[in-house]
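Input: a single structure, listed below in structure tokens.
When reading the values below, keep in mind they use all heavy atoms of this one structure, side chains included, and skip hydrogens, waters and symmetry mates. Counting starts at 1 for both ligands and their atoms, in listed order.
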Amino acid sequence: EASGSIGEEVDYKIIGIEPGAGIMQATDTALKEYENLADWEVVESSSAAMASELQKAYEDEEPIIVTGWTPHWKFAKFDLKYLEDPKGVYGEAEVIQTLVRQGLKDEQPNAYTVLDQFFWTPDDMAQVMVEIQDGADPVEAASAWVEDNSDKVAEWTSGAEKVDGEKIKLAYVAWDSEIASTNVVAKVLESIGYEVELLQLDAGPMFAAIAEGDADGMVAAWLPGTHAAYMEEYGDKVEDLGPNLEGAKIGLVVPAYMDVDSIEDLK
Ligand SMILES: C[SH](C)CC(=O)O
């Protein structure tokens, strides 16, 4: 039974993730744009910590508001809803794009071909994410998906020739979505002979690593809105290979049992 306002119930807190994430920047903007959020706080946390807080609240049918995104396994496990965002702070549909360092096409044309052709659906990504959430090692979950989806993988490797142990470094942030996609791409690059190193960074350093050539590629650019600031800073120093997934979204997410439908209702 609701004891008071939504704000009182969640102590005026939105449970966030890592500070550098674009969704955290968008939520900082939301706290300024929505007068009713003037006294609210977004709690810096991590993707994993946010997910476990969400799971705990959900199991106890407690109120909670989190920074959420699609694709994500939480929508398969819990009955959740996005809060309406009348001021459009979180943008509309997002795509996840692939960025590579300048020069990769000449130096590693076969890796470039795979990264350029990598494209899959939110359902594909969710299959790998749920396996990992259910306890599978990300490398194992990626291997299993690659084996089960050889036709799609063949489209990605079409035109790429085998190499002999050349090294490729993929940068990523430990968001569940990018743990899945980066491990799948790594498996596919390994299948044509590359030795792949995964470099886990925060969002800003991930863009910087591609721009400065410290990593060869990443499949983790959420655009046009989420990572707009990073593209503003680094866009002219990277090569943008376009979307690898369409139908993504970010926003504030609550369990469906909460009687709130819009960010404007958070009082
Ligand atoms: C958390 S979303 C996967 C990306 C972002 O917010 O930077």
Side-chain angles (χ1 to χ4, degrees), residues 14-31 42-54 64-78 80 82-83 85 88-99 118 120-126 128-130 132-133 138 170-185 198-211 215 218-235 238 240 243-254 263:
I14 294 163
I15 306 302
I17 59 171
E18 295 84 358
I23 198 168
M24 294 294 278
Q25 294 161 355
T27 304
D28 286 342
T29 303
L31 296 188
V42 55
V43 177
E44 290 181 3
S45 171
S46 72
S47 305
M50 179 274 283
S52 58
E53 282 214 40
L54 174 62
I64 187 169
I65 304 163
V66 301
T67 53
W69 63 96
T70 298
H72 195 278
W73 55 262
K74 56 180 172 289
F75 292 97
K77 273 197 179 303
F78 311 127
L80 304 170
Y82 279 96
L83 294 181
D85 170 23
V89 165
Y90 291 95
E92 300 302 326
E94 292 272 285
V95 296
I96 308 178
Q97 298 198 190
T98 300
L99 306 181
F118 171 54
W120 65 343
T121 68
D123 279 353
D124 291 326
M125 179 186 267
V128 181
M129 269 196 281
V130 170
I132 295 169
Q133 183 53 23
L170 299 179
Y172 74 108
V173 184
W175 300 313
D176 299 295
S177 28
E178 280 58 38
I179 291 168
S181 54
T182 306
N183 275 283
V184 163
V185 171
L198 302 191
L199 188 59
Q200 182 185 320
L201 297 166
D202 275 338
M206 171 178 67
F207 279 83
I210 305 295
M218 56 98 130
V219 291
W222 282 61
L223 294 166
T226 309
H227 292 153
Y230 292 127
M231 278 307 268
E232 182 73 26
E233 183 172 359
Y234 297 106
V238 301
D240 182 354
N244 61 61
L245 179 143
E246 292 173 343
K249 179 179 172 55
I250 66 166
L252 295 186
V253 172
V254 300
I263 294 175

field: For F75, all residues meeting ring pair (Phe, Tyr, Trp, His ring centres under 6.0 Å), sequence neighbours excluded
entry: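 Partners of F75 under the ring pair (Phe, Tyr, Trp, His ring centres under 6.0 Å) test: Y82.
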
field: Parallel, tilted or perpendicular, as decided by the 30° and 60° cut-offs, for the rings of F207 and Y230
entry: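 Parallel: the ring planes of Y230 and F207 meet at under 30°.
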
In a simple table, one pair per line, please give the protein and ligand 1 atom names for every N or O pair closer than 3.5 Å, along with the distance.
unit_1   : atom_1 : unit_2 : atom_2 : d
ligand 1 : 6 (O)  : G22    : N      : 3.2
ligand 1 : 6 (O)  : I23    : N      : 2.8
ligand 1 : 7 (O)  : G22    : N      : 2.6
ligand 1 : 7 (O)  : H227   : NE2    : 2.6

field: Atom pair CE (M129) and NZ (K74), whose distance is rounded to the nearest 0.5 Å
entry: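 It is 8.5 Å, given to the nearest 0.5 Å.
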
message: Rounded at 0.5 Å granularity, tell me how far OH in Y90 sits from CG in L252.
response: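 The distance works out to 3.5 Å.
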
query: Of L223, L245, V219, which meets side-chain contact (heavy atoms from CB on, under 4.5 Å) against Q97?
result: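 Of all the options given, the one that passes is L223.
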
- request: Look at the side chain of D202 and the backbone N and O of G20, then say whether any donor-acceptor pair between them is shorter than 3.5 Å.
  value: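 Checking the backbone N and O of G20 against the side chain of D202, no donor-acceptor pair under 3.5 Å is found.
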
